[in-house]
Amino acid sequence: MGVRLKNVRKSFGTTQVVHDVSMDIPTGGFAVFVGPSGCGKSTLLRMIAGLEETSGGQIEIEDRDVTTVEPAKRGVAMVFQSYALYPHLSVFENMAFSLRLARAPKAEVTRTVGEAARILQLEEHLDKKPSQLSGGQRQRVAIGRAIVRQPKVFLFDEPLSNLDAELRVQMRLELTRLHRKIGATMIYVTHDQVEAMTLADKIFVLRDGIVQQAGSPLELYDDPDNRFVAGFIGSPAMNFFPVKVTADDGTYLTLTTLGAGNHGIRSVLKGARPEIGTELVAGIRPEHFELVDGGLPVRIEVAEELGDVSYLYSRMEDNTEVIVERHGSRDLLDGKMVGLSAQPEHVLIFDRSGQRLR
Amino acid sequence: MKSGTRLENGIITAFTLIVGLVWIFPLYWSFLTSVRSEENVVTEPGIVPDEFNLSSYVDALFNTKLLTWYFNSIGTAVIVTVVVLVISMMCAYAISQMQFPGRKLLYLVVLASFMVPAQALVVTQFILMNDLGLINTWAGIILPQLIVPVVIIVYKQFFDAVPKEMREAAVLDGGGEYTILFKVYLPLNWGITTALAIVTFIGVWNSFFWPFLVITSEDMMTIPVGITQVTDAFGIAYARLMAVAMLAALPVVLAYLVFQRRVTEAVMISSGVKG
Ligand SMILES: Nc1ncnc2c1ncn2[C@@H]1O[C@H](COP(=O)(O)OP(=O)(O)O)[C@@H](O)[C@H]1O
Ligand SMILES: [Mg+2]
């Protein structure tokens with residue numbers, strides 16, 4: 001296993017910010033920790049790096065217990081959001097720094113740094129100082145500094161946040177390519193679910209220091225365990241509205257919208273049945289709505305037409321916001337009343353505490 | 001800056017000129033005195049140059065222990081400067097970057113010692129040096145001058161301002177505390193170290209009171225103390241005294257000319273205007 005956490009905990013003083021986190025990241029995997037700001041992603045990553053002490057539990061890297069091993073000896077390298085390049089050293093010396101400290105032979109330094117520079121297309125910049133580079137190039141140097149150490153695990157803490165949108169997309173692709181080429185285990189922290197979806201083999205969604213769900217991007221998208229994950233993954237976000245169970249035929253539940261016209265919608269449920277009359281929350285992704293006569297009535301406030309796709313920003317009778325995504329449509333719908341429906345398998349249901357009913 | 005009217009500019013220029021003259025006058029008079037003969041100094045005082053007589057310099061160089069005093073001054077000033085910088089940077093680094101119990105208290109102690117006037121400690125220090133048998137030795141001159149809280153404070157502010165991630169990157173690269181201090185932090189801004197070195201050096205070079213107390217043997221004197229020895233049978237030998245003073249100031253003047261910008265910076269940093 002590339003990285004294994006067993007019941008890892010972290011407290012700062014009396015505040016616990018990471019609660020009993022356990023996870024397995026296979027060797028060569030690309031794991032992403034995603035969650036809102038302050039949920040403990042960075043803290044968890046820094047514990048794996050050894051920059052924060054672990055308050056409880058165990059951290060293993062390549063099946064070796066490293067919980068109390070010092071950072072430089074864990075076989076990890078980290079890329080920081082601010083890059084943290086050494087401003088007084090050239091690009092070459094920045095990348096060579098760890099090798100020099102390890103007293104590597106000169107020829108090896110030249111070869112290893114040269115190789116990293118080639119992979120990252122930094123060869124012509126080796127003599128420059130970091131201040132003479134663009135943001136994207138600095139980012140590459142920071143990655144190069146990590147590559148040179150040939151770590152077992154690469155750790156990235158929001159490495160793309162300081163880049164503009166276009167460059168971010170480009171660097172995202174480059175990171176995927178780099179991962180394929182190097183094949184090392186990578187752990188990547190971000191608050192941006194798009195980055196998580198595009199980069200990860202396996203996403204860990206965190207909230208308040210607890211892993212909400214772990215799985216491949218599509219598992220999380222299609223089959224979220226709870227309302228938080230359902231709402232966090234996907235953009236525009238899933239629509240939620242309160243409903244009440246009004247009928248149950250053993251396969252399909254009939255749900256009635258609360259406060260918004262008592263409209264009926266149906267959902268599939270395989271497991272334990274809620275009692276008739278139970279109040280639940282229904283979740284439907286914007287792209288799963290269809291426009292039908294006699295559907296759930298909403299008024300379209302703004303329609304954003306992007307050519308291939310349009311987003312209809314609408315409101316139900318009780319003002320609950322609903323976003324609908326349509327493809328290939330050319331109807332002009334601004335300000336109109338329309339009816340919405342969705343296939344029962346696309347109507348997810350959550351109990352009042354936010355747990356999914358399957 | 002807004003440029004004023006011609007009259008305003010004229011007044012400002014005149015004022016600056018006058019202040020400049022007032023400042024330079026003692027230097028000018030000292031120099032004038034040093035190149036006149038001993039009798040003329042006493043019998044015909046004046047501010048107009050009337051002779052250029054280097055005999056006082058020759059006398060200062062060959063009939064006093066000036067060269068020994070130079071050696072003592074340079075030796076003690078260099079040692080004090082180097083030791084002060086090294087222990088201060090390490091102390092500041094520890095206070096700023098390392099976690100250990102009593103860290104805050106230690107810094108408070110440093111700050112507090114900054115508030116105690118050096119003169120208040122002179123008697124105790126003298127007794128201590130005497131007990132240690134260090135009267136009339138370099139160690140006696142050097143030891144009490146090694147604690148310079150302001151250097152620690154300036155370094156600490158410098159280290160505090162370095163982003164935390166810089167340190168962490170170095171830790172992950174395999175750097176220990178000494179590597180981080182000497183290969184990452186100090187090179188981030190050598191200007192600060194240079195500036196502190198200059199200020200410390202000049203301070204030690206000019207220090208008079210302590211060396212004057214702790215040294216009684218002419219062979220161990222530093223230049224400022226040595227100047228007190230330049231008398232002859234008739235009392236103070238003004239021309240020679242001024243010649244020695246000129247020669248004493250020479251290294252500082254040269255250092256100033258070479259590092260002009262750095263000195264200005266240094267004075268500003270250590271007086272808290274900047275940094
Ligand atoms: N050194 C620290 N001391 C005290 N609290 C901290 C420290 N570092 C982080 N925290 C707290 O831990 C929580 C998680 O922080 P962090 O891991 O940085 O979140 P994220 O990276 O997900 O935004 C936050 O509430 C933060 O205030
Ligand atoms: Mg963070």
Around atom [atom1] of [X], are there more than 12 heavy atoms from other residues, nucleotides or ligands closer than 6.0 Å?
X: F100(B); atom1: CZ; result: yes
X: F182(B); atom1: CZ; result: yes
X: K128(A); atom1: NZ; result: yes
X: F208(B); atom1: CZ; result: yes
X: I147(B); atom1: CD1; result: no
X: L111(B); atom1: CG; result: yes
X: F71(B); atom1: CZ; result: no
X: D164(A); atom1: CG; result: yes

If you round to the nearest 0.5 Å, how far is [atom2] of [Y] from [atom1] of [X]?
X: E165(B); Y: Q81(A); atom1: CD; atom2: CD; value: 7.0 Å
X: L172(B); Y: R74(A); atom1: CG; atom2: CZ; value: 9.5 Å
X: L186(B); Y: H88(A); atom1: CG; atom2: NE2; value: 9.5 Å
X: M166(B); Y: F80(A); atom1: CE; atom2: CZ; value: 10.5 Å

Checklist entry - With a 4.5 angstrom heavy-atom cut-off, which part of K164(B) approaches chain A: side chain, backbone, both or neither? => result side chain

Checklist entry - Step by step, would you call R46(A) with E168(B) a side chain to side chain contact (heavy atoms under 4.5 Å, CB included)? => result CA-CA 10 Å; R46(A) 293 162 53 78; E168(B) 294 177 342; 2.7 Å; yes

Checklist entry - Using non-hydrogen atoms only, which part of L89(A) is less than 4.5 Å away from chain B: side chain, backbone, both, or neither? => result neither

Checklist outcome for this item: If one checks every heavy atom of V76(A) against chain B at 4.5 Å, the contacting part turns out to be both

Next on the checklist: Does V184(B) form a side chain to side chain contact (heavy atoms under 4.5 Å, CB included) with F97(A)? I'd like the steps, not just the answer.
Outcome noted: CA-CA 10 Å; V184(B) 180; F97(A) 196 73; 3.7 Å; yes

Item to check | Winner by heavy-atom pair count (cut-off under 4.5 Å) against chain A, out of A170(B), P163(B), G176(B) | outcome: A170(B)

Checklist entry - Nearest heavy-atom pair of A72(A) and G174(B): which atoms, and what distance? => result CB-CA, 3.5 Å

